[in-house]
Amino acid sequence: MFTVSPCSGSVSPWGQRKITVDCNAGAEGKGEEQLYIDISNRDPKDNPLGIPFTLTAESCIPALVEDVTSIFEQYPIHSNVNLRQTLQSVQGNGVFIRDDNKFIFTKVQVGQQATARFKNSNGSSVPCDVVLSIKAMPGEPHSLISNIFKLDPVEMRIPGLSHAFATVTFTPEQKEDYQCTFTASLVSPKSSSVKTKPQQLTFTVSGEGHVPQVTVECPGLRSKRGNAVLRFRRLLLGDSQTLPLVLRNDGIIPTKFTVHIMDDKGVFFLKSTQSALRAFHTADKEEDSTGKAKKHPQKPYLLLEHGQSAEFDVFFKPTLTQRLEGKIRVPLSGNNEINIELVGEGYDDDFTLDNLAEDNQGSNAEGNLEDDIITAVRANHIEFGDCAVRELCDKTFTVTNRSKEEVMRFEWLLADTPFQFSPKVGHLQPGCAKDIRVTLKSKVPVTIRRHSVNCKVAKIKYQLPREEVYNWDDGMYTEKWEDTTERLPGARWPSKRRVVKAVLEPPHTVLEKSIHEVELVLSAQIDYAKYKLDTVEVQLKQTEFFQTEISTFQMSSTGNVALKYCWQENLEEKKPSKSSEKPFSSILMGYFLSSDAVDHWFRHHPSRVHWASPLESTRSQSTQPPSRHRSR
């Protein structure tokens with residue numbers, strides 16, 4: 001293992017001689033040899049065999065540490081179970097999947113860079129040379145990854161029992177999956193006479209390019225251009241309406257964005273809610289080389305992680321009597337942006353329909369609009385919903401005269417309509433309102449979709465002084481009692497009858513130029529309620545006293561309208577019969593004791609009616625069965 005040269009020689013007085021010892025490492029392990037130096041003419045008693053000198057050396061084979069916990073010590077290590085959930089929840093920009101021997105870049109946006117550092121450790125005491133490379137997957141050209149993955153360095157020398165890091169840079173160009181093979185090869189020394197097996201560390205590096213995926217969760221209405229639409233109602237000038245706007249991050253990567261409202265008329269407004277305020281961030285001030293803050297710091301932004309939402313309130317308050325448009329612009333990175341269209345309309349009218357039950361249905365609708373020009377929601381629709389056949393359904397709304405001086409007359413034009421309005425005709429004093437009741441009752445099933453009913457409105461002038469005029473409608477009537485020609489036997493005064501008369505409409509003059517019609521739309525679904533039972537008879541098991549037995553069955557509604565039901569007990573109790581008594585039915589007794597049956601009996605048996613005083617009634621309770629006393 002050791003070679004000493006020269007093996008002999010002479011040294012002049014006060015001189016020196018250089019001895020060279022060469023170590024030729026053989027098999028792996030430690031080696032030791034004992035040398036003896038013999039000096040001529042020395043004392044023979046001093047080490048007769050020669051002065052001892054020991055040579056030791058250790059023969060090592062360079063080796064790279066293959067422990068994945070050491071190579072990927074900066075990243076989490078997982079199995080491939082629930083891989084999708086792991087990629088979404090992992091922190092940082094990378095994770096190693098042990099089962100697949102793959103390192104995955106996570107949450108990398110298209111066009112941006114992400115770096116990963118892999119630790120290469122030398123497990124031996126001698127330095128080692130390592131060659132690093134990145135290659136395309138088998139069967140794929142290298143040009144596919146030449147600009148996607150970059151490696152630095154490609155060669156490294158690692159001292160004994162030390163380490164060095166290799167850096168891989170991933171820059172996705174498109175929204176797709178990229179893969180390559182990372183290899184670290186150990187280079188054997190050329191001067192070594194020992195043949196060693198080449199060592200390589202190999203694993204797969206993959207990554208996917210992601211783009212920001214902020215979606216408009218609310219509203220659900222989409223225009224023909226594919227944009228979300230906030231469709232406001234047609235509002236009176238000065239009134240306002242608020243609709244929600246919800247933005248959600250459905251992508252993998254955290255997304256930064258800003259929200260800008262674009263409105264030339266100044267009628268749309270945006271306000272953040274608590275969820276939006278939690279996502280609001282302000283960047284730290286950047287400083288230049290002198291320590292001063294830069295003049296143009298980064299603007300505030302919103303940041304949404306995966307699955308998070310930000311909600312805003314969008315206000316519409318018209319100031320013009322016309323159709324109004326606006327837009328909310330949400331720019332994202334990568335030259336992408338989201339546009340939300342805003343549509344509303346303002347109007348000014350003295351006669352309005354208010355308190356409509358289904359006022360917000362059009363604003364909260366979902367689906368796609370086919371028209372190029374989107375109109376505002378007209379708040380003139382009443383939805384009755386489900387109505388049973390022969391059932392009276394009604395809705396109530398309000399008509400309002402918003403004029404400060406003019407009196408208005410309204411009349412509902414009800415030709416060929418199943419709806420009834422009460423009042424149908426009436427007057428509205430300035431600044432006053434009147435409730436209108438709409439009723440619907442059909443004997444047959446029918447579906448009514450957006451049936452139009454017009455209300456004729458006109459301004460009027462009274463022919464009487466204002467203080468003598470009352471707020472009139474056709475539902476007003478007078479009631480009084482008048483004498484008749486009939487007189488009961490022995491009565492001193494004639495019989496009275498109630499006389500009901502409709503109040504006449506006050507005389508007035510219609511201003512012809514002010515006549516116009518206001519449209520009201522009504523919808524209803526009238527049908528028979530239908531149901532289905534999965535059983536006809538419920539058989540309960542024999543049950544002991546004070547115990548409970550429960551049996552269940554299913555009933556389902558199979559019709560187009562809601563099924564309203566209630567269970568009525570219909571049991572006949574059989575009592576022990578005596579010779580003079582007969583069994584009776586509680587159902588029949590209930591009918592004969594009802595008010596209708598008693599009235600019928602009183603009308604046909606007036607001579608049998610006994611009008612008892614309270615005292616007499618009290619005395620007779622112990623001897624006579626209960627009787628029904630009726631007073632008129």
Side-chain angles (χ1 to χ4, degrees), residues 87-94 105-115 169-175 207-220 222-223 225-230 242-264 266-316 325-342:
L87 296 179
Q88 293 178 355
S89 60
V90 68
Q91 300 295 327
N93 63 345
F105 283 95
T106 60
K107 303 177 183 179
V108 183
Q109 186 172 329
V110 172
Q112 295 186 359
Q113 290 186 352
T115 58
T169 303
F170 173 56
T171 310
E173 296 179 348
Q174 297 180 3
K175 187 181 183 301
E208 181 180 357
H210 298 277
V211 295
Q213 296 184 7
V214 175
T215 58
V216 182
E217 188 174 6
C218 179
R222 296 295 182 267
S223 68
R225 294 166 290 278
N227 298 327
V229 179
L230 278 174
T242 304
L243 292 180
L245 171 63
V246 181
L247 302 177
R248 178 182 174 86
N249 183 5
D250 289 332
I252 300 298
I253 59 176
T255 304
K256 293 181 181 180
F257 62 93
T258 54
V259 181
H260 308 276
I261 189 165
M262 306 175 67
D263 173 24
D264 297 336
V267 295
F268 297 101
F269 307 93
L270 189 68
K271 181 181 179 181
S272 302
T273 63
Q274 289 297 327
S275 60
L277 293 176
R278 286 193 293 267
F280 184 80
H281 290 75
T282 55
D284 296 335
K285 294 183 179 180
E286 300 181 2
E287 297 181 352
D288 55 16
S289 58
T290 60
K292 297 181 180 180
K294 292 185 177 181
K295 295 182 179 180
H296 302 286
Q298 187 177 0
K299 295 181 179 180
Y301 60 90
L302 288 96
L303 176 64
L304 290 181
E305 300 288 343
H306 168 72
Q308 289 184 344
S309 300
E311 183 174 352
F312 304 86
D313 289 333
V314 184
F315 297 86
F316 171 56
E325 291 183 348
K327 184 171 69 174
I328 295 178
R329 181 173 171 269
V330 183
L332 305 173
S333 57
N335 296 325
N336 297 324
E337 68 177 22
I338 299 174
N339 291 319
I340 299 99
E341 300 181 28
L342 309 176

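Every value quoted in this text rests on a predicted model; they were computed, and no experiment measured them. Throughout, residue positions are numbered sequentially from 1 according to the sequence presented.
Summarising the geometry, atom OG1 belonging to Thr215 is positioned 3.5 Å from atom CG belonging to Asp250; distances are rounded to the nearest 0.5 Å. To the nearest 0.5 Å, atom CD1 of residue Ile338 and atom CD of residue Gln213 are 10.5 Å apart. Distance check, rounded to the nearest 0.5 Å: CG of Asp263 to CG of Leu270 gives 11.5 Å. The CZ atom of Phe280 lies 12.0 Å from the CG atom of Leu303; values are rounded to the nearest 0.5 Å. Between the OG atom in Ser275 and the CZ atom in Phe312 there is a gap of 7.5 Å [rounded to 0.5 Å]. For the atom pair CZ (Arg248) and OG1 (Thr255), the distance works out to 12.5 Å, reported to the nearest 0.5 Å.
Arg329 has its side chain within reach of Asn339: a pair of non-hydrogen atoms, C-beta onward, lies under 4.5 Å apart. Contact check for Gln308 versus Arg278: no side-chain heavy atoms found under the 4.5 Å cut-off. Side-chain contact between Pro212 and Gln109 is present, with heavy atoms from C-beta onward closer than 4.5 Å. The shortest distance between side-chain heavy atoms of Thr106 and Ile252 does not fall below 4.5 Å.
What you find for Asn249 and Ile253 is that their closest heavy atoms are ND2-O, 3.1 Å. Closest approach of Leu304 to Leu247, counting heavy atoms only: CD1-O, 3.9 Å. Between Thr258 and Pro331, the closest heavy-atom pair is O-CD, 3.2 Å. Nearest heavy-atom pair, Phe315 versus Lys271, reported as atom, atom and distance to 0.1 Å: CE1-CB, 3.7 Å. Of all heavy-atom pairs between Lys175 and Val110, the closest is N-CG2, 3.9 Å. Shortest non-hydrogen contact noted between Leu302 and Ala276 is CD2-O, 3.7 Å.
Proximity of a side-chain donor or acceptor of Lys107 to a complementary backbone N or O of His210 within less than 3.5 Å is not detected. At distances below 3.5 Å, at least one donor-acceptor pair connects side-chain atoms of Asn93 with backbone N or O atoms of Thr115. Formation of a donor-acceptor pair under 3.5 Å by the Thr242 side chain with backbone atoms of Asp313 is not found in this model. Judged by distance alone, the side chain of Arg222 and the main-chain N or O of Val229 form no donor-acceptor pair under 3.5 Å.
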* Go through Leu342 and Ile261 one step at a time and tell me if the side-chain contact (heavy atoms from CB on, under 4.5 Å) criterion holds. => CA-CA 10 Å; Leu342 309 176; Ile261 189 165; 4.2 Å; yes
